[in-house]
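In this chain, residues are counted from 1 in sequence order. In what follows, every heavy atom counts, from backbone to side chain, and hydrogens, waters and symmetry copies are set aside.
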Amino acid sequence: MPRFLQPKKSTQHRVAAIALYRALLSRCSTAALPNDDRNSLRNAIQNKFRKNRKIQSPYQLGLSFKAGYETLDHLDASTTGDTTSTKFLTTLIAAIPRGLTRTPWRRPLPPPPSPPKERLACLPPEKAVLNVRPYANVSGPRHVPILASANGVPFLRITKPQPPALSRMLRQKLERRIDNFHRKVELVHYWMPMGRHEDEWDELINEQLEGREDNVKWVDAIQLSDRENQEAYDKDMANDKELVKKMQRIVDAETELALKEGRTIVRGRKRRPIRVITP
């Protein structure tokens, strides 16, 4: 090991020290010693390794490893029934300072993080933003909401961070729109050509059956599904238009009240505002 390299940063030293530490602790469990002596020796090993973990002197490290390997040899011999090694371990344990045989101090586990303050999953109808705004009177500065859009879904931006209920609403609406689009693509580009092929096949079969007629068409069912999908999309768009009108009325009313209260409304960033409305 290079002399300029600290032992605790050397891979070979760390591997050897950890291997010796684990071997000593494992042999303590099987040594032919009373339980009190076994626990005292285990505590002494843990405390001694923790005390010497920052030693950098090669001489002191050599003595520590030599003592550790000698103790390991006596523990192995004691496990096989060697009385000489057992007596040596008993004498060694009796000579260990009392401070080393105490249970090593363990850093207490950090307390579990406190759960975040849960907000209401969904506001009740009597407290919904669109039903209570605009506020006629406020206790502090009036915050005028901002009419924003998330991929075409309108909403009022009031506070930061964004409430979980609002995030869930936006996510559900966007997922519904994406599902409608994918369904339309699947109906037009997959099921519609397949329905035409099925109708052509039915016509060939009817010709072979000498004029049997069947007024039910595959294409009709697919076109019906396509119309239902388009109606659902148009309904969502109409609802969004009504929401935009209602939200815009709220923003206009809040802006008018804020100007009457003498507040300046800044749209955009404070340093680079897009629009500044003064009373």
Side-chain angles (χ1 to χ4, degrees), residues 115-135 143-257 267-268 274-275:
K117 187 177 180 181
E118 294 290 341
R119 299 189 179 185
L120 291 176
C122 185
L123 290 175
E126 62 273 9
K127 293 185 178 181
V129 175
L130 299 181
N131 295 335
V132 298
R133 292 269 184 163
Y135 294 135
H143 297 284
V144 179
I146 301 174
L147 180 57
S149 173
N151 289 339
V153 179
F155 68 97
L156 286 178
R157 187 185 302 278
I158 300 175
T159 60
K160 290 184 179 182
Q162 186 169 285
L166 178 57
S167 300
R168 183 179 65 251
M169 183 273 295
L170 296 175
R171 184 173 59 253
Q172 291 174 350
K173 280 195 172 184
L174 290 175
E175 289 176 354
R176 186 164 62 249
R177 287 190 181 182
I178 293 173
D179 291 341
N180 288 340
F181 176 76
H182 289 169
R183 192 176 301 110
K184 182 177 182 61
V185 171
E186 185 178 3
L187 288 171
V188 174
H189 296 283
Y190 179 77
W191 291 110
M192 191 68 71
M194 183 177 291
R196 293 194 184 100
H197 293 322
E198 290 292 340
D199 290 337
E200 293 175 1
W201 175 256
D202 289 344
E203 291 177 1
L204 293 175
I205 296 299
N206 291 336
E207 289 178 0
Q208 294 182 5
L209 294 177
E210 298 179 353
R212 178 182 176 183
E213 296 182 358
D214 189 358
N215 296 327
V216 180
K217 301 293 184 181
W218 291 84
V219 176
D220 296 339
I222 299 172
Q223 289 177 347
L224 177 61
S225 298
D226 189 20
R227 285 196 300 270
E228 292 177 351
N229 185 67
Q230 185 64 35
E231 290 174 358
Y233 175 78
D234 294 339
K235 184 179 180 180
D236 288 343
M237 291 295 100
N239 292 337
D240 287 345
K241 289 180 180 179
E242 294 297 327
L243 281 177
V244 167
K245 294 179 181 178
K246 190 172 183 179
M247 291 177 182
Q248 188 61 51
R249 289 195 296 268
I250 292 175
V251 172
D252 294 340
E254 290 278 2
T255 302
E256 184 179 356
L257 292 172
R267 288 290 179 253
I274 301 175
R275 185 185 178 190

Looking only at heavy atoms, which two atoms of Ala150 and Leu174 are closest? And how far apart? O-CD2, 3.6 Å

Residues 192-201 side chain polar contacts: donor-acceptor under 3.5 Å, at least two apart:
residue : atom : partner : partner atom : Å
Asp199  : OD1  : Trp218  : N            : 2.8
Asp199  : OD2  : Val219  : N            : 3.3

For the CD atom of Glu228 and the CG atom of Leu224, what is their distance to the nearest 0.5 Å? 4.5 Å

How many angstroms lie between atom CD1 of Ile205 and atom CD of Glu203, to the nearest 0.5 angstrom? 11.5 Å

At their closest point, which heavy atom of Leu170 faces which heavy atom of Phe155, and how far apart are they? CD2-CD2, 3.9 Å

Are there over 12 heavy-atom neighbours, none belonging to Glu256, within less than 6.0 Å of that residue's CD? no

So, do Glu254 and Pro145 sit near enough that their side-chain heavy atoms are less than 4.5 Å apart? yes

Taking atom CG of Leu187 and atom CG of Asp226, what is their separation to the nearest 0.5 Å? 5.5 Å

Would you check if Leu156 and Leu130 make a side-chain contact, meaning some heavy-atom pair closer than 4.5 Å? yes

Has Asn229 got a side-chain atom pairing as donor or acceptor with Ser225's backbone, closer than 3.5 angstrom? no

Just jot down the side chain to side chain donor-acceptor pair (under 3.5 Å) partners of Asn151, sequence neighbours excluded, or say none. none

CA sep, side-chain torsions, deciding dist, call: His143, Ile158, side chain to side chain contact (heavy atoms under 4.5 Å, CB included): CA-CA 7 Å; His143 297 284; Ile158 300 175; 5.7 Å; no

Met247 and side-chain contact (heavy atoms from CB on, under 4.5 Å): which single residue from Asp252, Leu147, Ile146 fits? Leu147

Test item: Gln223 and Lys217 side chains (from C-beta on) under 4.5 Å apart, heavy atoms: no

Enumerate, atom names and distances included, each donor-acceptor pair closer than 3.5 Å involving a side-chain atom of residues 237-246, sequence neighbours excluded.
residue : atom : partner : partner atom : Å
Asn239  : ND2  : Lys235  : O            : 3.3
Asp240  : OD1  : Lys173  : NZ           : 3.4
Asp240  : OD2  : Arg177  : NH2          : 2.2

Show the numbers, then the answer: is there a side chain to side chain contact (heavy atoms under 4.5 Å, CB included) between Thr255 and Val251? CA-CA 6 Å; Thr255 302; Val251 172; 4.0 Å; yes

Given side chains that start at C-beta, do those of Gln172 and Arg168 come closer than 4.5 Å, heavy atoms only? yes

Does Asn180 reach the side chain of Arg183, with side-chain heavy atoms less than 4.5 Å apart? yes

Any chance you could lay out the side chain to side chain contact (heavy atoms under 4.5 Å, CB included) test for Val188 and Ile222, step after step, and finish with the verdict? CA-CA 8 Å; Val188 174; Ile222 299 172; over 6 Å; no

